[in-house]
2 protein chains.
Amino acid sequence: MQGLARQSLTDRGGAERGLADRAAAPQPDFRPGLDGKGPLFGQIKRAVAGQILRGHWQAGERLPNEEQLSSLYGVSRQTVHKAIALLAREGFLVRRRRAGTFVATGRHDRFALPIEDIGDVVARAGSLYEFRILDRRSLRNGEAVRWPDVPDGTPILSLDCLHLSDGTPIQFERRLVNLDAVPEVAAEPFDSVPPSRWLVDQVPWSSAEHTVRAVNATADMAALLGVEPGAACLSIRRQTVHLNRAITLVHFLSVGDRFSLSGASITDSATELNL
Amino acid sequence: MQGLARQSLTDRGGAERGLADRAAAPQPDFRPGLDGKGPLFGQIKRAVAGQILRGHWQAGERLPNEEQLSSLYGVSRQTVHKAIALLAREGFLVRRRRAGTFVATGRHDRFALPIEDIGDVVARAGSLYEFRILDRRSLRNGEAVRWPDVPDGTPILSLDCLHLSDGTPIQFERRLVNLDAVPEVAAEPFDSVPPSRWLVDQVPWSSAEHTVRAVNATADMAALLGVEPGAACLSIRRQTVHLNRAITLVHFLSVGDRFSLSGASITDSATELNL
DNA sequence: CGTCTTATTTTGTACATACATTATCGCACC
DNA sequence: GGTGCGATAATGTATGTACAAAATAAGACG
């Protein structure tokens with residue numbers, strides 16, 4: 001019986017439903033509140049997220065339970081469950097067994113700034129991207145530099161690299177790579193692929209730490225980047241870790257008025273909602 | 001038959017399975033590759049993500065299909081489907097009908113930096129957080145300031161605010177709020193709750209744009225923040241939008257050596273994997 | 001030999017069912 | 001009146017089943 005009752009996914013109108021199995025429902029055919037676009041669980045997600053984003057369901061408020069929602073929208077409990085569980089996973093809702101489902105509060109502090117590869121940024125701006133390896137040396141941790149999260153004596157590759165946009169220096173990069181974790185890097189010449197991209201392509205990572213600060217350029221950095229000493233620069237420190245081992249530690253230094261971090265963060269469900 | 005075959009969720013050992021339905025499988029009881037912790041679909045997620053993160057399944061490689069995985073792990077296809085579909089949603093895998101499931105390539109450029117409320121940051125550092133409203137005025141867009149993404153003539157609230165940590169100024173904030181979108185803000189005195197937090201609590205947003213730059217402090221900003229002119233400062237611009245209407249536009253200016261953005265981004269599945 | 005059509009494989013969605021899990025509510029009992 | 005404990009209501013997980021949708025592969029036909 002339900003086989004016939006399922007909404008056809010080709011004919012998006014949803015107007016051909018049988019009604020034998022839900023004689024009680026006053027609306028015969030169209031499912032109220034749903035837009036008929038795409039899979040049912042997605043329609044329910046949109047419907048529920050819409051209620052929240054439009055302010056009809058306030059933060060902290062309790063939603064109807066799965067049973068009620070399922071009869072409200074005219075779908076099975078599992079379909080409702082999938083939609084609601086996804087919204088909960090995305091942070092829109094909070095669910096507690098026995099207690100119910102609530103609109104999440106304070107989800108708004110989750111601003112995030114995507115940090116992209118400098119080569120991509122330059123290329124997308126339509127400029128010519130180049131880089132130069134300024135220095136490359138193999139050493140052991142604790143000798144000339146100390147990398148706190150790696151044991152002393154670990155073999156390390158140290159790389160200094162300058163990134164240019166249309167011939168103008170925009171970013172200096174000092175990178176340490178853990179040769180115990182990534183021995184292949186020792187054989188890589190980096191004559192066409194910059195170290196950042198090479199690592200990103202070759203080595204998986206499971207977590208990364210970032211610190212972004214503003215600093216005044218020192219004399220030598222100013223000379224390298226072609227600015228006057230004291231110019232404001234963006235300093236980004238990144239350490240990536242995989243399987244509990246530090247992979248690489250990088251310091252980027254970028255000229256303040258030639259480089260900025262920017263990006264749009266979008267609420268997951270807003271994407272699907274086109275809000 | 002399958003009802004009995006289901007793994008008990010209380011006895012986590014998983015040692016009580018019947019084997020009538022899979023006589024071909026040589027391992028009789030324990031499901032191979034699974035750790036017995038938590039729900040089955042989560043175990044499968046960990047098992048699969050582990051194969052990838054440990055490098056046993058390389059980027060671009062094709063995975064066994066759902067049928068094969070289900071008999072490999074000794075669970076139903078739906079359970080496998082749920083696990084794999086979640087991994088795909090998290091960006092670990094790419095799925096194409098008829099073609100199969102593949103390990104995603106190039107997922108590594110997705111570094112993200114969380115941007116937190118300054119009050120939270122100061123409080124977590126164990127310092128005393130205070131703020132002062134320096135200026136507050138109502139005006140119309142285009143009069144003294146122009147907010148590009150809002151129509152001219154729209155009523156706007158402009159706020160200048162200084163944030164302090166243990167009495168030391170660390171951040172200056174200049175904020176514009178769209179009074180058409182958030183009329184309630186006109187009545188809010190902001191004597192105990194800072195504007196940032198008030199807005200975050202009151203108004204939902206569906207997308208936000210950030211730009212982070214490094215700038216040298218101008219004379220007046222330097223005076224406000226108590227640094228010498230020219231000191232490197234972090235400049236953050238944020239515009240939040242909801243239902244296609246700009247809600248608020250903020251400029252934060254923070255002293256370089258008193259404030260930094262930092263945060264850890266973790267691969268979703270790595271969280272569950274404890275890698 | 002190329003092109004169109006048809007078959008097949010694989011993932012995607014929906015529903016039913018059953019039971020597990022967990023927090024809350026309310027009542028009995030001290 | 002508090003306290004514990006069992007009933008209960010809600011979500012969570014697992015499986016079976018049945019199709020739908022999409023994309024590739026294979027074959028028919030010009």
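Throughout, a chain's letter reflects where its sequence line sits, starting with A, and its residues are numbered from 1. Side chains included, hydrogens not; waters and symmetry mates left out as well; all remaining heavy atoms used.
Both P64(B) and R77(A) lie near DNA chain C, and the one whose nearest nucleotide falls closer to the 5' end is P64(B). With DNA chain D read from its 5' end, the first of the two nearest nucleotides for A85(A) and R98(B) is the one closest to A85(A).
Taking 3.5 Å as the limit, the base of dG12(C) and the side chain of R96(B) contain no donor-acceptor pair of atoms between them. Side-chain atoms of R97(A) stay outside donor-acceptor range of the base of dT22(C), with no qualifying N/O pair under 3.5 Å.
For the pair R62(A) CZ and dA9(D) C1', the interatomic distance rounds to 9 Å; values are reported in whole Å. Residue E67(A) contributes atom CD, which lies 17 Å from atom P of dT8(D) at whole-angstrom precision. Put simply, CZ on R89(A) is 10 Å from P on dG12(D), counting in whole angstrom units. Counting to the nearest Å, the P atom of dC19(C) and the CG atom of L40(B) are 17 Å from each other. Look at NE2 on H81(B): it is 18 Å from P on dA18(D), rounded to the nearest Å. If you measure from atom CD of Q43(B) to atom C1' of dT13(D), you get 12 Å, rounded to the nearest angstrom. Rounded to an integer number of Å, the gap from CG of N65(A) to C1' of dG12(D) is 14 Å. In this structure, F41(A) places its CZ atom 14 Å from C1' of dA21(D), rounding to the nearest Å.
OP1 or OP2 of dG12(D) sits under 4.0 Å from a side-chain N or O of R95(A). When the side-chain nitrogen and oxygen atoms of K82(A) are compared with OP1 and OP2 of dA14(C), none of them lie within a distance under 4.0 Å. Between T101(A) and dT11(D) there is a side-chain N or O to OP1 or OP2 distance below 4.0 Å. Between dA14(C) and S76(A), no contact under 4.0 Å exists linking OP1 or OP2 to a side-chain N or O.
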*Might you work through the side-chain contact (heavy atoms from CB on, under 4.5 Å) test for R197(B) and F190(B), ending with a clear yes or no?*
CA-CA 10 Å; R197(B) 172 156 298 283; F190(B) 297 121; over 6 Å; no
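Among dT11(D), dC15(C), dT11(C), the nucleotide with an atom closest to any side-chain atom of E66(A) is dT11(D).
Using a 4.5 Å heavy-atom cutoff, the side chains of R96(A) and F102(A) are in contact.
We find that R245(A) and D180(A) are not joined by a salt bridge, their nearest charged nitrogen and carboxylate oxygen being 4.0 Å or further apart.
Of the N and O atoms on the side chains of R77(B) and S70(B), not one donor lies less than 3.5 Å from an acceptor on the other residue.
For an aromatic pair to be called close, the ring centres must be under 6.0 Å apart, and W205(B) with F111(A) satisfies this.
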